[in-house]
Number of protein chains: 2
Amino acid sequence: MEVPLSSARPLRADARRNREALLAAAREAFLSGDTDSHVEEIARSAGVAVGTLYRHFETREALIEEVYRKEVDELCAAPAELLERHAPEEALRRFLLLLVEHAAVGKGMSVALESIMATASPVFETARTQMANALTQLLDAGVAAGVVRDGITGPTLLRALGGICGMRATEGWQGEARQITALLFDGLRYGTAS
Amino acid sequence: MEVPLSSARPLRADARRNREALLAAAREAFLSGDTDSHVEEIARSAGVAVGTLYRHFETREALIEEVYRKEVDELCAAPAELLERHAPEEALRRFLLLLVEHAAVGKGMSVALESIMATASPVFETARTQMANALTQLLDAGVAAGVVRDGITGPTLLRALGGICGMRATEGWQGEARQITALLFDGLRYGTAS
DNA sequence: ATCGTATCCGGAGTCGGATTCATTTTAGGT
DNA sequence: ACCTAAAATGAATCCGACTCCGGATACGAT
């Protein structure tokens, strides 16, 4: 992501700096709840003018998407690692909880997942596939080990999780998220010799 | 809802007619996918001017919310009826599926549930409580009959369902919705002498 | 150190869409 | 038929995303 495609010239140093600053500022703004922060504000708090923001990002949306995409990238690294360290069942359980934790940090991740789920935007297509693959990995391992029911696909589970993460609305949602996660987890194992 | 509070004067006949027409037009617009239909369009297709729309609804948002609220009202009538007709377990199962069916009709219901879940808007507070109560009813009956695990509250299940309904994005989501519903259903029964 | 140029600044201006309000019309009681 | 409060109208206003352009500046290749 950071490395430019072979054909493209690398960004000039100051340009890159600004781009980074913008992403940071946007992240800041979004994660701290202000989902509808104004473009001008973001630009200002990044120390640049709006024009500069638009030099780097097609639209306000594009900026938001980029922020979310980065969040998702991070999360998608987890499954492979978890599977190395733990048995399939435990890996799955941990990943589900990890999701909740991430969502807890800020609204960022939950909004990210929600957006990824709820829009058909091709921009999110990559992220969606990425997440689905990560989940498929976990599910397959679980099925192979006989601790997870067959017939649930990565994309399906992704949808269910996307829903769960969309619940950042009220106080005390975190506990509920855990409950629902447990519910899903048990649902996945239903009919299996647990 | 329809009956004015004792203190308020009843709406003039034409006013009520217009209000109704606006709600109908809005419903039409939203249910047929056009979530971002313009205020002017809605007004025009209801045969009134924008000003009239604003006489009846504080903001565009308020109109949308009203439409969704009515949808939810309908759905909330179901649990009581289902419990009369079926055993708790079956009633629960049917209600979950009913949700999917409703969402299938148009995007209306799914958007409704999603919105109700995702915003902290006090306007949805009523609807949220209403739905939660409906679910609590089902869960309690299930727990009493020993077919549902204890410890899951109405609001919690509501959140999980809200998530499920938010998945109207892609083709073939309906099948997935069923899968997830089954997942949840089984999760609810986990650890029970099914 | 110097030059060519990519990038930035700043903000005025466009545009689309939601919201308002002074004016006109109408329902419905007398 | 007439009167008045309620309701409707729609042009005007507001707001925020997005564009554009004429300098000013910072890079980095030489």
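Neither OP1 nor OP2 of dG10(D) sits under 4.0 Å from any side-chain N or O of Arg44(B). Side-chain nitrogen and oxygen atoms of Tyr54(B) include at least one within less than 4.0 Å of the OP1 or OP2 phosphate oxygen of dT19(C). Between Asn18(A) and the phosphate of dT7(C), there is no side-chain N or O to OP1/OP2 separation shorter than 4.0 Å.
Residues satisfying the salt bridge (charged side-chain N to carboxylate O under 4.0 Å, His left out) criterion with Asp14(B), sequence neighbours excluded, are Arg12(B). Under the rule for a side chain to side chain contact (heavy atoms under 4.5 Å, CB included), Ala182(B) has no partner lying at least two apart in sequence or in another chain. Considering only residues two or more places apart in sequence or on other chains, Glu90(B) meets the side chain to side chain contact (heavy atoms under 4.5 Å, CB included) condition with His86(B), Arg93(B), Arg94(B). Among residues two or more places apart in sequence or in another chain, the salt bridge (charged side-chain N to carboxylate O under 4.0 Å, His left out) test is passed with Arg27(A) by Glu71(A).
Looking at heavy atoms from C-beta onward, Phe95(A) lies in side-chain contact with Leu75(A) at the 4.5 angstrom threshold. In this structure, the side chains of Leu23(A) and Leu63(A) come closer than 4.5 Å at one or more pairs of heavy atoms.
Note on Glu66(B) versus Arg69(B): salt bridge recorded, some NZ/NE/NH1/NH2 to OD/OE distance being below 4.0 Å. Under the 4.0 Å criterion applied to side-chain N and carboxylate O atoms, Glu20(B) and Arg17(B) are not assigned as salt-bridge partners. Salt-bridge check for Arg189(B) with Asp186(A): failed, with every basic side-chain N at 4.0 Å or more from each acidic carboxylate O.
Glu61(A) has its CD atom 11 Å from the P atom of dA17(D), to the nearest Å. Distance Glu40(A) CD to dG11(C) P: 10 Å, rounded to the nearest Å. dA6(C) atom P lies 18 Å from atom CZ of Arg17(A), rounded to whole Å. For the pair Arg55(B) CZ and dA27(C) P, the interatomic distance rounds to 14 Å; values are reported in whole Å. Taking atom CZ on Arg60(B) and atom P on dT19(C), their separation rounds to 8 Å, with Å as the unit. The distance between atom CZ of Arg19(B) and atom P of dA8(D), rounded to the nearest whole Å, is 11 Å. Atom pair His38(B):NE2 and dT19(C):C1' shows a separation of 15 Å (rounding to whole Å applied). Going from atom CG of Leu53(A) over to atom C1' of dG11(C) covers 15 Å, rounded to whole Å.
For Val48(B), counting side-chain heavy atoms from C-beta on, the closest listed nucleotide (dA18(C), dT9(D), dT7(C)) is dT9(D).
Note on the helix from dA1(C)-dT30(D) to dT30(C)-dA1(D): angle between the axes of the first and last five pairs equals 20°, rounded to 10 degrees.
Residue Ala15(B) is in sugar-phosphate contact alone, with no base atom involved, counting any heavy-atom pair closer than 4.0 Å across all strands shown.
Nearest-nucleotide positions on DNA chain D place Thr52(B) closer to the 5' end than the other of Thr52(B) and Thr59(A). Taking for each of Gly51(A) and His56(A) the nucleotide of DNA chain C with the nearest heavy atom, the 5'-most of the two is the partner of His56(A).
The two atoms that bring Gly154(A) and Thr136(A) nearest to each other are CA-OG1, 3.4 Å, heavy atoms only.
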Within the sub-3.5 Å range, which N or O atoms of nucleotides 28-30 of chain D have a protein N or O partner, and how far apart are they?
residue, atom, partner, partner atom, Å
dG28(D), OP1, Ala13(A), N, 3.4

